[in-house]
**Q** 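Sharing a structure, written as structure tokens. Questions coming.
Below, read A as the first sequence line, B as the second, and so on, with proteins coming before strands; counting in each chain starts at 1.
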2 protein chains.
Amino acid sequence: MTPELRHLRYFVAVAEHLSFTVAARELHIAQQSLSQQIAALEHALGARLFDRDTRGTRLSEVGRVFLPEARAVLTRADAALETARKAVRGEIGRLRVAFLVSTANYMMPPVVRAFRKRYPDVELLAEAVGIADLVAGLREDRYDAAFTRPPLVDDLVTATLVAEPVCAVLPAGHPLAGRAGLRLADLAGEPWVLTPRGSWEPWHRKYDTDFRAAGFEPRVVQRADGVPSLLGLVAAGVGVTRLARSAHSLRRTGVVFVPLADEQAETVMAWHPARDRQAVRNLLDVAAELAASIDLTEAG
Amino acid sequence: MTPELRHLRYFVAVAEHLSFTVAARELHIAQQSLSQQIAALEHALGARLFDRDTRGTRLSEVGRVFLPEARAVLTRADAALETARKAVRGEIGRLRVAFLVSTANYMMPPVVRAFRKRYPDVELLAEAVGIADLVAGLREDRYDAAFTRPPLVDDLVTATLVAEPVCAVLPAGHPLAGRAGLRLADLAGEPWVLTPRGSWEPWHRKYDTDFRAAGFEPRVVQRADGVPSLLGLVAAGVGVTRLARSAHSLRRTGVVFVPLADEQAETVMAWHPARDRQAVRNLLDVAAELAASIDLTEAG
DNA sequence: CGGGGGTCACAGGCTCTGACTGTAACCGCT
DNA sequence: AGCGGTTACAGTCAGAGCCTGTGACCCCCG
């Protein structure tokens with residue numbers, strides 16, 4: 001027989017009470033069972049742990065040496081289980097989080113800061129990545145969660161954190177730049193700069209639907225990847241585009257943001273449903289709480 | 001269910017091989033049993049430790065956190081068992097040893113030194129005590145072993161370590177002081193100084209037998225407890241006495257030691273048979289080895 | 001000095017756990 | 001499609017661990 005934690009627990013109980021009867025009562029087992037288990041432990045060690053006779057029980061020399069050892073093992077085991085439970089509660093471990101580059105600017109700092117503060121023992125790995133890599137990473141278990149913009153794909157779940165106005169982005173001095181608001185149809189005749197279709201198909205399908213609903217197909221004069229590039233082209237007067245208002249923080253000069261009626265851009269947290277760990281829930285909770293208390297699109 | 005060491009062993013094995021099948025082979029159990037036990041452990045922790053599917057097994061985040069914990073517990077448990085085994089082998093623990101005052105002078109230093117060197121992790125408590133306290137201490141489990149002189153009592157076991165000549169102790173200038181050897185009968189007419197009968201009955205019964213065999217009853221002019229006192233009285237010319245030769249080391253002047261034919265004084269190690277621990281055997285071995293290599297009666 | 005209350009050990013029986021075997025479902029590679 | 005690999009499910013069984021009943025023993029008290 002090889003000793004188990006139960007034997008150590010029993011041994012410590014007997015050693016503490018110096019009585020099989022009392023220890024058995026505390027352990028909620030019969031005195032005979034306790035005697036049996038201690039005997040098994042003694043047999044495994046090759047020596048008696050207690051000098052016992054009809055009038056009581058005393059620790060033997062081996063028992064005296066073994067007692068602090070047994071206690072140490074039990075304490076270590078308890079700590080191990082507690083650590084495991086912390087991991088289950090998502091209070092310890094590692095969390096790999098992707099931020100869509102275009103949202104990283106305002107989302108990453110406050111979210112990372114708040115999560116680190118709330119869960120200091122979780123190793124948070126934050127990364128700003130493109131949308132394709134973000135989705136692939138979630139699917140391939142390279143990321144545990146991601147902050148991004150919908151629409152994504154069916155096999156990922158998302159939770160909406162913030163919604164903000166979508167704006168027409170016009171070169172400074174554009175005839176429509178002074179308007180307080182616009183409708184997408186107002187920009188039917190404009191030259192457009194947009195991202196390459198290949199960047200993320202679901203987004204472009206949504207754009208198609210939006211433009212169709214507005215009754216026109218945009219005349220695309222140039223395609224460029226990334227929000228800074230688009231803003232640069234607009235500032236250069238190449239054309240107009242359409243972006244979430246928070247993109248304004250990336251360029252303040254040469255461009256004008258005019259809200260588009262009835263259009264909202266959402267920022268969501270996304271994760272793989274099969275890897276729905278508590279730490280992911282905790283991240284969502286922190287982010288949602290943050291979104292409820294401050295305007296994240298203005299942060300960063 | 002509360003996790004046992006077995007579960008941790010199983011968990012570590014699976015984590016090391018990242019395969020239930022291979023780990024089960026190593027553990028000499030069926031893969032199904034291993035799956036069952038891991039499932040039980042996971043149930044106890046409230047989370048999966050492995051992400052497993054038809055094509056393999058990977059550690060989950062909780063598993064990753066738990067692995068070093070489980071290893072630490074197992075390591076600690078191994079250390080505890082090893083410590084216990086050391087205690088069984090008498091290589092660790094506490095040993096309470098009594099030395100009869102009249103032997104302590106030459107026995108204690110070499111024995112304690114040799115034992116400490118051989119078993120540095122054993123806490124050796126050495127004490128020089130009178131014969132009555134020594135025997136009572138062995139019986140009452142206040143001492144684990146004692147170095148003393150026979151005869152003792154039936155319920156203690158002894159092992160002889162050294163034998164040395166018994167000498168007549170005469171005042172310097174005594175008519176018989178120049179002899180190379182004596183017989184006890186030669187001292188029939190002398191005045192005697194002896195220890196009080198109450199000091200240790202078995203010794204005095206032996207003295208009685210010896211004197212009777214020599215054909216006389218000693219005329220005791222004074223009784224004094226302890227070898228130094230006896231030597232002092234002899235040196236003062238009060239009378240003669242009879243001591244083991246090693247007592248000579250306690251007083252060099254005013255007394256003469258003349259060997260008595262056919263008489264030997266033994267030094268023995270004594271212990272209680274019911275408390276025959278390995279550490280006691282080790283002490284005996286060390287002492288016997290020492291006695292075989294050097295003349296202990298000349299040491300100290 | 002005998003009885004009551006305390007100790008732990010022994011004996012026999014029950015239950016459930018941890019093991020086994022056999023099988024299924026699934027994946028990836030050939 | 002079949003083969004070699006994975007883990008999971010189902011049914012069975014021996015034994016470990018627990019129980020109850022009992023005995024031997026010691027100490028204290030009336």
Side-chain angles (χ1 to χ4, degrees), chain A residues 1-45 47-60 62-63 70 74 139-141 155 272 274-275, chain B residues 1-45 47-60 62-63 70 74 139-141 155 272 274-275:
Chain A
M1 184 223 58
T2 160
E4 293 290 341
L5 290 177
R6 174 167 24 83
H7 297 105
L8 303 186
R9 272 188 277 268
Y10 287 6
F11 166 63
V12 170
V14 175
E16 277 173 356
H17 293 95
L18 290 181
S19 159
F20 282 71
T21 312
V22 175
R25 197 152 40 225
E26 182 187 275
L27 294 167
H28 302 111
I29 61 171
Q31 163 262 312
Q32 294 86 336
S33 306
L34 183 53
S35 292
Q36 186 180 322
Q37 292 302 302
I38 295 291
L41 176 58
E42 289 175 328
H43 185 76
L45 296 180
R48 301 228 109 186
L49 292 166
F50 298 101
D51 296 326
R52 43 199 187 273
D53 53 37
T54 172
R55 75 185 163 290
T57 299
R58 293 157 305 284
L59 270 174
S60 74
V62 173
L74 292 174
R139 283 171 154 165
E140 295 163 12
D141 196 21
D155 55 339
H272 194 112
R275 286 183 285 280
Chain B
M1 186 220 59
T2 162
E4 293 290 339
L5 290 176
R6 182 188 43 260
H7 298 106
L8 303 186
R9 271 188 277 269
Y10 287 7
F11 165 63
V12 170
V14 175
E16 277 173 355
H17 293 95
L18 290 181
S19 159
F20 281 72
T21 312
V22 176
R25 197 151 41 227
E26 183 186 274
L27 295 166
H28 303 111
I29 61 170
Q31 163 261 313
Q32 294 87 333
S33 305
L34 182 53
S35 291
Q36 186 179 321
Q37 292 301 303
I38 294 291
L41 176 58
E42 289 176 327
H43 185 76
L45 296 179
R48 302 228 108 186
L49 291 165
F50 298 101
D51 295 326
R52 43 202 189 270
D53 53 38
T54 173
R55 74 185 163 290
T57 299
R58 294 157 304 285
L59 271 173
S60 76
V62 173
L74 292 173
R139 283 170 154 167
E140 295 163 13
D141 195 21
D155 55 340
H272 193 113
R275 287 183 284 280

**Q** Does a nitrogen or oxygen in the side chain of A:T54 sit under 4.0 Å from OP1 or OP2 of D:dA24?
**A** no

**Q** Stepwise, does the side-chain contact (heavy atoms from CB on, under 4.5 Å) test hold for B:M1 with B:H7?
**A** CA-CA 11 Å; B:M1 186 220 59; B:H7 298 106; 3.6 Å; yes

**Q** Whole Å only: how far is the CZ atom of B:F20 from the P atom of C:dA19?
**A** 14 Å

**Q** Would a distance-only check, ignoring hydrogens and angles, find a side-chain to backbone donor-acceptor pair under 3.5 Å from B:R52 to B:L18?
**A** no

**Q** Among C:dC10, D:dC18, C:dT7, which nucleotide has an atom closest to any side-chain atom of A:I29?
**A** D:dC18

**Q** Heavy-atom nearest nucleotide on DNA chain D for A:A30 versus B:S19: which residue maps closer to 5'?
**A** B:S19

**Q** Round to a whole Å and report the spacing from NE2 of A:H17 to P of C:dC8.
**A** 12 Å

**Q** OP1 or OP2 of C:dG18 versus the side-chain N and O atoms of B:Q37: is any pair under 4.0 Å?
**A** yes

**Q** C:dT7 C1' sits how many Å from A:Q32 CD, rounded?
**A** 12 Å

**Q** Regarding A:Y10, tell me which of base, sugar-phosphate or nothing describes its non-hydrogen contacts under 4.0 Å with the strands shown.
**A** sugar-phosphate

**Q** Should B:T21 be listed as having a side-chain N or O under 4.0 Å from OP1 or OP2 of D:dT7?
**A** yes

**Q** Of all the choices, D:dC19, D:dT7, C:dA19, which nucleotide is nearest to the side chain of B:R6 once you look at every atom?
**A** C:dA19

**Q** Answer yes when A:R9 and A:E4 have at least one side-chain N-carboxylate O distance shorter than 4.0 Å, and no when they do not.
**A** no

**Q** Figure out the CD/P separation between B:E4 and D:dA16, and round it to whole Å.
**A** 15 Å

**Q** Rounded to the nearest Å, what distance is computed from the CG atom of residue A:L59 to the P atom of nucleotide C:dC8?
**A** 13 Å

**Q** The side chain of A:R48 is closest to which nucleotide in this list: D:dA8, C:dA9, D:dC19?
**A** C:dA9

**Q** Taking CG from B:L41 and C1' from C:dG18, how many angstroms apart are they, rounded to a whole number?
**A** 15 Å

**Q** Mind checking if B:H28 touches a base, just sugar-phosphate, or nothing, with heavy atoms under 4.0 Å?
**A** sugar-phosphate

**Q** With no angle test and no hydrogens, is the base of D:dA8 tied to the side chain of B:Q31 by a donor-acceptor pair under 3.5 Å?
**A** yes

**Q** Taking CG from B:L34 and P from C:dT21, how many angstroms apart are they, rounded to a whole number?
**A** 15 Å

**Q** With a cut-off of less than 4.0 Å, is there a side-chain N or O of A:S33 near OP1 or OP2 of D:dG17?
**A** no

**Q** Please state how far atom CZ in A:R25 lies from atom C1' in D:dC19, giving the value in whole angstrom units.
**A** 17 Å

**Q** Would you say C:dT7 has OP1 or OP2 under 4.0 Å from some side-chain N or O of A:R52?
**A** no

**Q** Judged by atom type as modelled, is there a donor-acceptor pair below 3.5 Å linking the side chain of A:R275 to the main-chain atoms of A:R139?
**A** yes

**Q** Looking at A:E42 and A:L49, would you say the former's side chain and the latter's main chain have a donor-acceptor pair under 3.5 Å?
**A** yes

